[in-house]
There are 2 protein chains.
Amino acid sequence: MDHKTTKPTPLAAKAPRTKPAEIRLNELMTAAEKLFLAKGVEATTINEIVKEAQVAKGTFYHYFSSKNDMLVALGERYTADFLARLQKALDACPDHDWLQRLRTWIEVSVDVYAQTYRTHDIVYTNHHHHDRSNQARNALLDQLLAIIEGGQLAGTWRVEQPRVVALLIYSGVHGATDDIIAAKANDRARFAHQVADACLRMLPPPKKTTR
Amino acid sequence: MDHKTTKPTPLAAKAPRTKPAEIRLNELMTAAEKLFLAKGVEATTINEIVKEAQVAKGTFYHYFSSKNDMLVALGERYTADFLARLQKALDACPDHDWLQRLRTWIEVSVDVYAQTYRTHDIVYTNHHHHDRSNQARNALLDQLLAIIEGGQLAGTWRVEQPRVVALLIYSGVHGATDDIIAAKANDRARFAHQVADACLRMLPPPKKTTR
DNA sequence: ACAAATCGACCGACCGTCGGTCAATAAATT
DNA sequence: AATTTATTGACCGACGGTCGGTCGATTTGT
């Protein structure tokens, strides 16, 4: 049979078969994310991913060592983005208005999380939350802790266990946000405000509000 | 062919091949939980589960429609147990000491969660947290909300958004607890206390602690 | 009282699919 | 031209899930 003798793709631009690693990586990740979002991680096969990304199966494994490795990469991208958005909002705050910085951190967290929770889920289901090496959690937590300690030093509030409070706010914000995810942006803003109010009560000003 | 002429199992007790459904169900669930805990859900095969439970593969599918169905069943068992433990602790509290009831709910949650988080993870990874039908979350949340509203009615505290506060405490407790899971029971108790302290600050007594 | 009919828990060989491998090929780089 | 790097897709073994069938117990018919 003589079918297809090399076939140099006669028409259209030759469309180079190889691409810079960065591009391929991105195309694969984007394809995977799209499918994961559409039908779930388990239900998405490698064959579907490579078909979507227009490459052969082997290429997937040239860039990722496993399906799970892809998930990790997607997670890193997600977190970097989350962190960056928070940082940007924080940069727009007066440097020493700790109350506003904390409120901003909380409200923006609620907002960004509400917008991106579907990807968050995909990327962190399978991850055990207790994983010490969970970079995501740690980076975000450190950012929050820095604010709490900043305000502490500046005398904006006085908390006994900054780390415990940070943990509570961090987890509380994400968990609570699950509840209003379906809501319109409007209600979300109101909700974010309520969350921030409740959280801020955990950080009393340095009088004696003992109980 | 005459192989096996009824063979009434000559020695030892007849050892009935069949068992009440409840027993088999339990044996399968226990076998599965053990293996899931030991090597993870993904890495555990149905064949391993049935081997551990001493039945054939078909029997597994006689009781469970899929591996995931088993996970769901395990989850229900876990939650029922969690809820029961909390309820028991609550029953030991003075009926109208809302402060103590809330503190108990929080501290026992931390403790039970710290003891059982490995099963929790197994059983709730794969579950999307936003799942409206998440019975687990709802039952626990309702229990907590009832306390908050009880205290509100009794005038023990005054919160504007009981549900938001419940959400924050519920999520905060679980998330924060991840952090001290490795600790000894001793430190866990101290930690639970700190968590409760911080949380209770979100529920100010009905003076004017505005901010 | 006995046998035939019925039931359903239980079995395990089998199947299709999927994640992952690898030897071969093509392009890029030196 | 030689060497390295990107890409391909046929192939493999393992796994989740299916299905025709067995066997002891219980109910029904006589």
Side-chain angles (χ1 to χ4, degrees), chain A residues 1 3-10 13-29 31-32 35-36 38-74 122 126, chain B residues 1-10 12-29 31-32 35-36 38-74 122 126:
Chain A
M1 14 149 129
H3 64 160
K4 280 199 263 182
T5 51
T6 40
K7 183 136 143 274
T9 315
K14 59 287 197 91
R17 202 176 55 149
T18 79
K19 295 184 181 178
E22 204 193 332
I23 303 285
R24 268 279 132 78
L25 224 39
N26 242 310
E27 288 180 357
L28 280 164
M29 287 174 70
L35 290 167
F36 287 170
K39 32 187 299 192
V41 175
E42 285 266 300
T44 300
T45 71
I46 305 289
N47 281 324
E48 288 170 333
I49 297 173
V50 299
K51 186 178 167 195
E52 174 78 26
Q54 310 252 46
V55 294
K57 201 173 189 176
T59 304
F60 179 97
Y61 285 96
H62 181 68
Y63 289 103
F64 300 93
S65 63
S66 69
K67 197 183 189 180
N68 197 65
D69 186 41
M70 163 65 86
L71 226 39
V72 171
L74 245 17
I122 277 165
N126 293 27
Chain B
M1 15 148 134
D2 70 339
H3 63 161
K4 278 200 262 182
T5 51
T6 41
K7 183 137 156 257
T9 315
K14 58 291 192 88
R17 200 182 53 151
T18 79
K19 296 185 182 179
E22 202 193 333
I23 304 284
R24 269 279 130 79
L25 225 37
N26 242 309
E27 289 180 356
L28 279 164
M29 285 173 72
L35 290 167
F36 287 170
K39 31 188 300 192
V41 176
E42 286 265 301
T44 300
T45 70
I46 305 289
N47 282 325
E48 287 170 334
I49 296 173
V50 299
K51 185 178 168 193
E52 174 79 24
Q54 310 251 50
V55 294
K57 200 172 187 176
T59 305
F60 180 96
Y61 286 97
H62 182 68
Y63 288 104
F64 300 94
S65 62
S66 68
K67 198 183 191 181
N68 197 65
D69 186 41
M70 163 64 86
L71 225 39
V72 171
L74 244 16
I122 276 164
N126 292 25

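The figures here come from the full heavy-atom set of this structure, side chains too, leaving out hydrogens, waters and symmetry mates. By convention in this document, chain letters (A, B, ...) are assigned in the order of the sequence lines, proteins followed by strands, and residues within each chain are numbered from 1.
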Which nucleotide in the set D:dG17, C:dC10, C:dG19 lies at the smallest distance from any side-chain heavy atom of B:Tyr61? D:dG17
Which of these nucleotides, C:dA9, D:dT7, C:dC10, is closest to any side-chain atom of B:His62? C:dA9
Can you tell me how far [atom2] of [N] sits from [atom1] of [X], to the nearest Å?
| X | N | atom1 | atom2 | result |
| --- | --- | --- | --- | --- |
| A:Asp69 | C:dT21 | CG | C1' | 16 Å |
| A:Phe64 | C:dG19 | CZ | C1' | 16 Å |
| B:Tyr63 | C:dG8 | OH | P | 12 Å |

Do you know the tightest heavy-atom contact between B:Tyr61 and B:Ser66? CE2-CA, 4.0 Å
Within the pair B:Arg24 and C:dC10, is there a side-chain N or O less than 4.0 Å away from OP1 or OP2? yes
Does D:dA6 have its OP1 or OP2 closer than 4.0 Å to a side-chain nitrogen or oxygen of A:Thr59? no
Flag if over 12 foreign heavy atoms under 6.0 Å of NZ, B:Lys39: yes
Donor-acceptor pair, A:Lys67 side chain versus A:Thr44 backbone, under 3.5 Å? yes
Just by distance, do the side chain of B:Glu48 and the backbone of B:Thr45 share a donor-acceptor pair under 3.5 Å? yes
Quick one, which residues of residues 45-57 of chain B touch DNA chain D with a heavy atom under 4.0 Å? B:Thr45, B:Ile46, B:Lys57
The residue among B:Val55, B:Ile46, B:Asn47 that forms side-chain contact (heavy atoms from CB on, under 4.5 Å) with B:Phe60 is B:Ile46
For the pair B:Tyr63 and B:Met70, evaluate side chain to side chain contact (heavy atoms under 4.5 Å, CB included) and give the outcome as yes or no after the intermediate values. CA-CA 9 Å; B:Tyr63 288 104; B:Met70 163 64 86; over 6 Å; no
Looking across every strand, which nucleic acid part, if any, lies under 4.0 Å from A:Ser66 by heavy atom: base, sugar-phosphate, or nothing? sugar-phosphate
